[in-house]
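Here the structure comes first, spelled out in structure tokens, and everything after it is commentary.
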Amino acid sequence: MRKDAKIYVAGHRGLVGSAILRKLQSEGFTNLLYRTSKELDLRDKGQVSQFFQEEKPEFVFLAAAKVGGIVANNEYPADFIRDNLLIQTNVIDASYRNNIEKLLFLGSTCIYPKMAPQPLKEDYLLTGELEPTNEPYAIAKIAGIKMCESYNRQYGTKYISAMPTNLYGENDNFDLQSSHVLPALLRKFHEAKETNAPYVEMWGTGTPKREFLYSDDLADACLFLMENYEGNEIVNIGVGEDIAIKELGEKIKAVVGFEGDIHFDTTKPDGTPRKLVDVTKINSLGWKASITLEEGLQKAYQWFLKNKLNNTN
Ligand SMILES: NC(=O)C1=CN([C@@H]2O[C@H](COP(=O)(O)OP(=O)(O)OC[C@H]3O[C@@H](n4cnc5c(N)ncnc54)[C@H](OP(=O)(O)O)[C@@H]3O)[C@@H](O)[C@H]2O)C=CC1
Ligand SMILES: C[C@H]1O[C@H](OP(=O)(O)OP(=O)(O)OC[C@H]2O[C@@H](n3cnc4c(=O)[nH]c(N)nc43)[C@H](O)[C@@H]2O)[C@@H](O)[C@@H](O)C1=O
């Protein structure tokens, strides 16, 4: 991409979009385009068509989506399938109609079958049943992948799809009902320390395993793929190592400095038992994650302390 190429970052205030924006700015890209959801509701086809016709971006990072943790996905399945299908359909189709040069679509590793062998290889897509807690969201993401692939086949476009593992970092969602596990635990352990609470309650049994990638690493990978990858096959983005949720809780407890106990609310769902991605493909293309979980947890906690302390919703 030229440094003055017109690049639209959809979802620039979110965890992923804000990291992509920071990365592009730090790499010297000067012609960046972004809108909040209030300014441009990507679920509205008319607004999206008008925006693309007026602005004519050359490259699109599609990081706008309806996103949430296990309970939010489970409780609001209609919102997750509807908003994501609308956002991605409108953006991908408007990109085609306005001849954009290249688009990167962000999926998620929940597109893989619940019981797929580990680590998850890209070609396990559509080989088995999905995890029920996030099936509607995953089906929307699979539709996005297939839409990119179909436009490439029929129209000769260059739309690529990346599948990141669970993410965390700056501008994460710290709302305890709708967030993912890592930001939820940073907040829970911090608040328990501040109030001298005897214990922190974690959801589920603590036995599921997850892999965590810092958002700055993800942004680096997205730019790398935009500049170095073309093709219909999806590409996993991860670190290649996972950890049990209980162990993650212990690590966060230590980072925050909480000295009480951990309890488990087993009425809450565990979700998929394991979700470790195979990163052979992106590694062999020449990209590797560089931020360890220990470094990332420190960075994320410092960011939380500085930016969210009196401002959590
Ligand atoms: N977080 C994670 O662990 C993972 C995320 N991903 C994927 O990465 C992508 C980004 O996720 P993440 O950054 O975590 O999500 P966030 O919830 O942090 O951010 C989502 C962004 O999407 C924008 N958005 C939502 N609805 C609309 C709408 N109707 N119109 C316009 N913009 C909208 C929001 O804009 P505004 O702020 O202006 O309202 C927000 O900035 C998603 O595709 C997600 O599936 C994949 C794997 C894991
Ligand atoms: C990125 C990914 O994210 C989601 O899938 P998930 O990985 O299951 O999500 P999660 O981060 O919410 O939970 C991971 C594990 O952690 C446990 N857990 C403990 N204590 C808390 C807790 O306090 N909050 C949360 N949220 N989980 C907790 C929780 O019970 C589960 O076992 C989907 O949106 C999916 O669509 C998707 O793509």
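Since the model is a prediction, treat every value here as computed from it, not as a measurement.
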Assess, by modelled atom type and distance only, whether the side chains of [X] and [Y] contain a donor and an acceptor separated by less than 3.5 Å.
| X | Y | result |
| --- | --- | --- |
| Asn152 | Asn232 | yes |
| Glu294 | Gln298 | no |
| Asn98 | Lys56 | yes |
| Ser178 | Asp175 | yes |
| Asn173 | Ser179 | no |
| Tyr112 | Asn236 | yes |

Quiz item: Does the ring of Phe80 carry Lys66 above it, NZ/CZ under 6.0 angstrom from centre and within 45° of its axis?
Solution: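 Yes, Lys66 sits over the ring of Phe80.
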
Quiz item: Looking at Phe29, is Lys3 sitting on its ring face, NZ or CZ under 6.0 Å from the six-membered ring centre and within 45 degrees of the normal?
Solution: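 Ring-cation test returns yes.
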
Practice problem: Begin from the C-alpha positions of Val91 and Leu103 and carry the test side-chain contact (heavy atoms from CB on, under 4.5 Å) through to its verdict. | Solution: CA-CA 10 Å; Val91 173; Leu103 172 144; 4.3 Å; yes

Indicate the atoms forming the closest heavy-atom contact of [X] with [Y], along with that distance.
| X | Y | answer |
| --- | --- | --- |
| Ser108 | Met163 | N-SD, 3.4 Å |
| Thr292 | Tyr168 | O-OH, 3.9 Å |
| Leu106 | Ile20 | CD1-CD1, 4.5 Å |
| Trp287 | Asp217 | CZ2-O, 3.1 Å |
| His12 | Thr36 | CE1-N, 3.7 Å |
| Pro57 | Ile100 | O-CG2, 3.2 Å |

Taking [X] for the side chain and [Y] for the main chain, is one N or O donor matched with an acceptor at less than 3.5 Å?
| X | Y | answer |
| --- | --- | --- |
| Tyr137 | Ile111 | no |
| Asp270 | Thr205 | yes |
| Asp93 | Thr89 | no |
| Glu149 | Glu233 | no |
| Glu101 | Phe59 | no |
| Asp41 | Ser37 | no |

Say you draw a straight line from [atom1] of [X] to [atom2] of [Y]; how long is it, rounded to the nearest 0.5 Å?
| X | Y | atom1 | atom2 | value |
| --- | --- | --- | --- | --- |
| Leu15 | Asn171 | CG | CG | 7.5 Å |
| Thr109 | Lys141 | OG1 | NZ | 11.0 Å |
| Tyr155 | Ser95 | OH | OG | 13.0 Å |
| Leu185 | Leu297 | CG | CG | 10.0 Å |
| Cys148 | Arg153 | SG | CZ | 13.5 Å |
| Asn166 | Leu182 | CG | CG | 9.0 Å |

Look at atom [atom1] of [X] and say whether more than 12 heavy atoms of other residues, nucleotides or ligands are closer to it than 6.0 Å.
| X | atom1 | result |
| --- | --- | --- |
| Glu129 | CD | no |
| Lys246 | NZ | no |
| Glu295 | CD | yes |
| Tyr151 | OH | yes |

Determine, for [X] against [Y], whether the closest basic-nitrogen to carboxylate-oxygen distance falls under 4.0 angstrom.
| X | Y | value |
| --- | --- | --- |
| Lys251 | Glu247 | no |
| Asp278 | Lys281 | no |
| Lys121 | Asp123 | no |
| Glu170 | Arg22 | yes |

When you compare the side chain of [Y] with that of [X], does any pair of heavy atoms fall below 4.5 Å?
| X | Y | answer |
| --- | --- | --- |
| Val235 | Tyr229 | yes |
| Phe224 | Leu285 | yes |
| Leu104 | Val60 | no |
| Val277 | Pro164 | no |
| Arg274 | Thr207 | no |
| Val71 | Pro269 | yes |
| Leu33 | Ile7 | no |
| Lys209 | Ile245 | no |

Quiz item: Should Arg210 and Asp242 be marked as a salt bridge (charged side-chain N to carboxylate O under 4.0 Å, His left out) after you check the CA-CA gap, both sets of side-chain angles, and the distance that decides it?
Solution: CA-CA 5 Å; Arg210 295 289 184 274; Asp242 60 359; over 6 Å; no

Exercise. Tell me, please, which residues at least two apart from Ser49 pass side-chain hydrogen bond (donor to acceptor under 3.5 Å, both in side chains).
Key: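 Result, side-chain hydrogen bond (donor to acceptor under 3.5 Å, both in side chains) vs Ser49: none returned.
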
Quiz item: Can you list the steps and then say if Lys23 with Asp216 is a side-chain contact (heavy atoms from CB on, under 4.5 Å)?
Solution: CA-CA 7 Å; Lys23 177 72 190 165; Asp216 287 347; over 6 Å; no

Exercise. With sequence neighbours left out, write down each residue that passes side chain to side chain contact (heavy atoms under 4.5 Å, CB included) with Glu131, or none if nothing qualifies.
Key: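 Glu131: side chain to side chain contact (heavy atoms under 4.5 Å, CB included) contacts with Lys114, Thr133, Asn134, Thr272.
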
When clusters are formed by joining ILVMFWY residues with side-chain heavy atoms under 4.5 Å apart, either directly or through shared neighbours, do [X] and [Y] land in the same one?
| X | Y | value |
| --- | --- | --- |
| Ile243 | Ile237 | no |
| Val255 | Val239 | no |
| Tyr76 | Leu85 | no |
| Trp203 | Phe212 | no |
| Phe174 | Ile70 | no |

Practice problem: For a salt bridge (charged side-chain N to carboxylate O under 4.0 Å, His left out) with Lys6, tell me which candidate from Glu58, Glu54, Glu55 qualifies. | Solution: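 The passing option is Glu55.
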
Exercise. Let me see the working for Val16 and Leu218 under side-chain contact (heavy atoms from CB on, under 4.5 Å), right down to the final yes or no.
Key: CA-CA 8 Å; Val16 171; Leu218 189 260; 3.5 Å; yes

Exercise. Evaluate the criterion side-chain contact (heavy atoms from CB on, under 4.5 Å) for residue pair Lys102 and Lys158; output intermediate values, then yes/no.
Key: CA-CA 5 Å; Lys102 197 167 180 183; Lys158 288 191 279 184; 4.1 Å; yes

Quiz item: Is the Tyr8 to Tyr34 ring centre distance short of 6.0 Å?
Solution: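 Between Tyr8 and Tyr34, the centre distance exceeds or equals 6.0 Å.
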
Practice problem: Run the ring-centre check on Phe258 versus His190 and record whether the distance is less than 6.0 Å. | Solution: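 No, ring centres 6.0 Å or more apart.
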
